[in-house]
Protein chains: 2
Amino acid sequence: MSRRTRSGSAAPGIPEATIARLPLYLRALYALADRCIASVSSEELAAAAGVNSAKLRKDLSHLGSYGTRGVGYDVDYLIYQVSRELGLTQDWPVVIVGAGNLGRALANYGGFLSRGFRVVALLDSDCAVIGTTVAGHLVRGVTEIERVVDEHKIMIGAITVPAAAAQDICDRLVGAGVTSILNFAPIVLSVPDGVDVRKVDLSIELQILAFHAQRKSAAGRAGSELTSLDARRGEERAIVAAGRPRSGRTGPRGTVAGGTVAGDTVAGGTVAGSTVAGDTVAAEAVGT
Amino acid sequence: MSRRTRSGSAAPGIPEATIARLPLYLRALYALADRCIASVSSEELAAAAGVNSAKLRKDLSHLGSYGTRGVGYDVDYLIYQVSRELGLTQDWPVVIVGAGNLGRALANYGGFLSRGFRVVALLDSDCAVIGTTVAGHLVRGVTEIERVVDEHKIMIGAITVPAAAAQDICDRLVGAGVTSILNFAPIVLSVPDGVDVRKVDLSIELQILAFHAQRKSAAGRAGSELTSLDARRGEERAIVAAGRPRSGRTGPRGTVAGGTVAGDTVAGGTVAGSTVAGDTVAAEAVGT
DNA sequence: CCGACTTTGTGCAAACGTTCACAAGGGCGT
DNA sequence: ACGCCCTTGTGAACGTTTGCACAAAGTCGG
Ligand SMILES: NC(=O)c1ccc[n+]([C@@H]2O[C@H](COP(=O)([O-])OP(=O)(O)OC[C@H]3O[C@@H](n4cnc5c(N)ncnc54)[C@H](O)[C@@H]3O)[C@@H](O)[C@H]2O)c1
Ligand SMILES: NC(=O)c1ccc[n+]([C@@H]2O[C@H](COP(=O)([O-])OP(=O)(O)OC[C@H]3O[C@@H](n4cnc5c(N)ncnc54)[C@H](O)[C@@H]3O)[C@@H](O)[C@H]2O)c1
């Protein structure tokens, strides 16, 4: 895989971390433009975007030298340059598969199309939903995936179906020609090379927050007892859901074990095991 | 081996990147447990989680030595250990502020409470919404933030109000004692030290996808790589609106930033702008 | 026209994260 | 009981990202 791109507008390898921040800068820039501010320094823009100013300058330097020393950056011009780099100077038709709670919220979301993204199709498999109108969009059947994607030359798809159906929908989207997928279902999608998957996973975010919250609680607790690291191995603390630690009997590989998993079953989606033992390449999204 | 975790929120003993992956492993582990699989190797678990096996082993090694050489990891035991590390052995009451499209979708989301997160309050400012019931939760007024947070000892809050109201809601949550915030509004929240903010930003994800999609289009057009499915996708359309490369004079006003992007009003303004007066010092929160 | 002042763009080093490769360690068959 | 074989745990190499510090480059007042 060649890393260098020498075509056209000189898009050298821009770090992924930088790409992930460009939308942040863009948003801050639009906010400035709304306030009729014509130029901005790296310090100010960085503050508005919540990043370090040196980082911002380095990020922008990857796009080219678009600033003026001693002055700063021209807001409008920078908006244009960043937009161009991100590919926002063109419209991106998007298909949403799954017209449930989340899919409808997305379809209704104005911010969705504020940057050139346009929902052109909303699909579902439920006959009770097909034919209804959501945010001005007629919900159509999933069977039309291929036709819709082809007709509108769609490259970006959002998956908002239950986890059990997500891989199947993903495969169909990819088969139809979609190369970028925004996945809201809590599973790891397998996709062929050349397809990007980014996931939005609320549950993961909450768990990360819980980790830090726990740490803060523990820190606040003056009692230094049980400071993080391992209690002991054979500890027998049965927890409400997680089952018992290391029961004496460990079946040889692959044997059926007690199960006893999660009495508090995963509500909602419940991964009813789709392709878990994958042979295909697991879909690492770009960065996280 | 492992270092001591200082009892403070400054010195995490476990890398942030690892923390972000633990929920992924946990999900894969639950899926295995559901299938009554008692033990799993790092290779298998890594495949299920979509990561490199060496990375997985290193991640898990931060929690302690919970594997058995030559065999693998005991699924139930590892579920317990990871859960404990993430702080999921306790229940986390959560408050959602903003009972709009997204807030309601969240409240309805079963996966929300599948890992010990429990929505205990749903707040809004709209009188038309207050008093209604969403997913079994009575929507209450925002004025009750402080009371609700205090009453339930809430540490985690989700913000699903319009961007304009988000900072205010954030301040109130923090003032009431919330230390972890999941923000869905497209703004950078400023919070005092010790408060974690994680953002879920759909628009940013789409823009990142657009960047890669654009790159793929460009590549397909020039090089003869990738013979598969993109034959003539993505025509290059020159949209020149906002960008004027550095007009010679300090043209305070010239081109008004025109509709490069959708209908999002990009005010060009007419004031020979002063620079922005930083009124918001954005504080970045945890990772990414 | 000049000099002082401001801010960009970047070399560099440190911090952080990923991946390789392999020794240490433990189960399992014989 | 013993050695084979499998997998973990980890040292070390490598790549990426961050942040500092400063020279270069431009503006602005006089
Ligand atoms: N609601 C949330 O706040 C939330 C948060 C995080 C993640 N998620 C995830 O997003 C996904 C959707 O969540 P939701 O709350 O909207 O669920 P939902 O049940 O409200 O909606 C799912 C929709 O998908 C449709 N569907 C099912 N199988 C389909 C198929 N094979 N093809 C096409 N459509 C199909 C259903 O008819 C339904 O309309 C789930 O995977 C969920 O885990 C939801
Ligand atoms: N809907 C989506 O798919 C989506 C996607 C990404 C981001 N977002 C963001 O999430 C937020 C909510 O989106 P939404 O689609 O649910 O919007 P919405 O308009 O449907 O809901 C917003 C809710 O917040 C309430 N509200 C307004 N001001 C309030 C205040 N001061 N205190 C308490 N409640 C208040 C409103 O009454 C309304 O019920 C927005 O910031 C939006 O940008 C939404």
Side-chain angles (χ1 to χ4, degrees), chain A residues 1 3 12-22 25 38-47 49-74 77-78 81 230 233 246 248-255 284 286-288, chain B residues 1-3 10-22 25 38-47 49-75 77-78 81 246 248-252 272 274-276 278 284 286-288:
Chain A
M1 55 186 85
R3 177 165 313 235
I14 298 183
E16 193 58 35
T18 293
I19 297 300
R21 281 187 295 267
L22 289 182
Y25 304 153
S39 98
V40 65
S41 72
S42 65
E43 204 73 48
E44 296 161 331
L45 184 54
V51 302
N52 182 302
S53 71
K55 194 189 298 187
L56 179 133
R57 287 199 298 277
K58 182 152 289 186
D59 283 343
L60 293 184
S61 77
H62 284 111
L63 316 191
S65 285
Y66 297 139
T68 305
R69 297 179 189 229
V71 176
Y73 301 88
D74 180 89
Y77 185 52
L78 197 53
Q81 291 296 345
D230 61 351
R233 196 86 189 277
R246 179 52 59 108
R249 184 63 254 147
T250 299
R253 76 178 67 263
T255 9
E284 165 107 30
V286 217
T288 291
Chain B
M1 319 177 213
S2 28
R3 68 207 57 69
I14 300 182
E16 192 60 33
T18 293
I19 297 300
R21 282 187 294 266
L22 289 183
Y25 304 152
S39 98
V40 65
S41 73
S42 66
E43 205 73 48
E44 296 163 330
L45 184 55
V51 302
N52 181 300
S53 72
K55 194 189 295 189
L56 178 132
R57 286 198 300 275
K58 182 148 287 187
D59 283 343
L60 292 184
S61 76
H62 284 112
L63 315 191
S65 286
Y66 297 139
T68 304
R69 295 174 190 234
V71 175
Y73 301 88
D74 181 88
V75 173
Y77 185 54
L78 197 52
Q81 290 298 343
R246 183 57 47 92
R249 232 5 255 157
T250 333
S274 55
T275 49
V276 58
E284 168 130 34
V286 177
T288 308

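In what follows, every heavy atom counts, from backbone to side chain, and hydrogens, waters and symmetry copies are set aside. Owing to the predicted nature of the structure, the values given are computational and were not obtained by experimental measurement. Within every chain, numbering begins at 1; the chains are lettered A, B, ... in the order of the sequence lines, protein sequences first and strands thereafter.
Checked against D/dT10, C/dT10, C/dT8, the side chain of A/Ser41 finds its nearest nucleotide in C/dT8. Comparing C/dG17, C/dC20, C/dG11 against the side chain of B/Ala54 picks out C/dC20 as the nearest. Relative to the side chain of B/Lys58, the nucleotides D/dT27, C/dT8, D/dT10 differ in distance, and D/dT10 lies closest. Set against D/dG26, C/dG17, C/dG9, the side chain of B/Glu16 has C/dG17 as its closest nucleotide. Candidate nucleotides C/dT19, C/dT10, D/dT18 were compared by shortest atom distance to the side chain of A/Ala17, and D/dT18 ranks first. The side chain of B/Val71 lies closest to C/dG27, out of C/dG27, D/dT17, D/dT27.
Rounded to whole Å, the distance from CG on B/Leu63 to C1' on D/dT10 is 15 Å. Protein atom NE2 of A/His62 is 11 Å distant from nucleotide atom C1' of D/dT16, rounded to whole Å. Atom P of nucleotide C/dG9 and atom NZ of A/Lys55 are separated by 18 Å, given to the nearest angstrom. Between the C1' atom of C/dG17 and the CG atom of B/Asp59 lies a distance of 10 Å, rounded to the nearest Å. Atom CG of B/Asn52 is separated from atom P of D/dG9 by 15 Å (rounded to the nearest Å). The distance from atom CG of B/Leu78 to atom C1' of D/dT7 is 14 Å, rounded to the nearest whole Å. Computed from coordinates, the B/Ile14 CD1 to C/dG17 P distance equals 12 Å when rounded to whole Å. If you measure from atom OH of A/Tyr73 to atom P of D/dT27, you get 15 Å, rounded to the nearest angstrom.
Residue A/Ser53 comes nearest to A/Ala46 through the heavy atom pair CA-CB, 3.5 Å, listed as atom of the first residue, atom of the second, then distance. Shortest non-hydrogen contact noted between A/Arg21 and A/Asp59 is NE-OD2, 2.6 Å. When every heavy atom of B/Tyr73 is checked against every heavy atom of B/Ser42, the shortest pair comes out as CE1-CB, 4.0 Å. Nearest heavy-atom pair across A/Gln81 and A/Tyr66 is OE1-OH, 3.1 Å. When all heavy atoms are compared, the tightest approach of B/Leu45 to B/Leu56 is CG-CD1, 3.6 Å.
A donor and an acceptor atom never sit less than 3.5 Å apart when one is taken from the side chain of B/Arg69 and the other from the base of D/dT7.
Take the nearest nucleotide of DNA chain D for A/Arg57 and for A/Thr18: the residue whose nucleotide is more 5' is A/Thr18. Nearer to the 5' terminus of DNA chain C, by closest-nucleotide assignment, is the contact made by A/Gly70 (compared with the other of A/Gly70 and A/Ser61).
Listed pair B/Ser42 / D/dT8 meets the phosphate criterion, a side-chain N or O lying under 4.0 Å from OP1 or OP2. A sub-4.0 Å separation between OP1 or OP2 of D/dT18 and a side-chain N or O of A/Arg21 is present.
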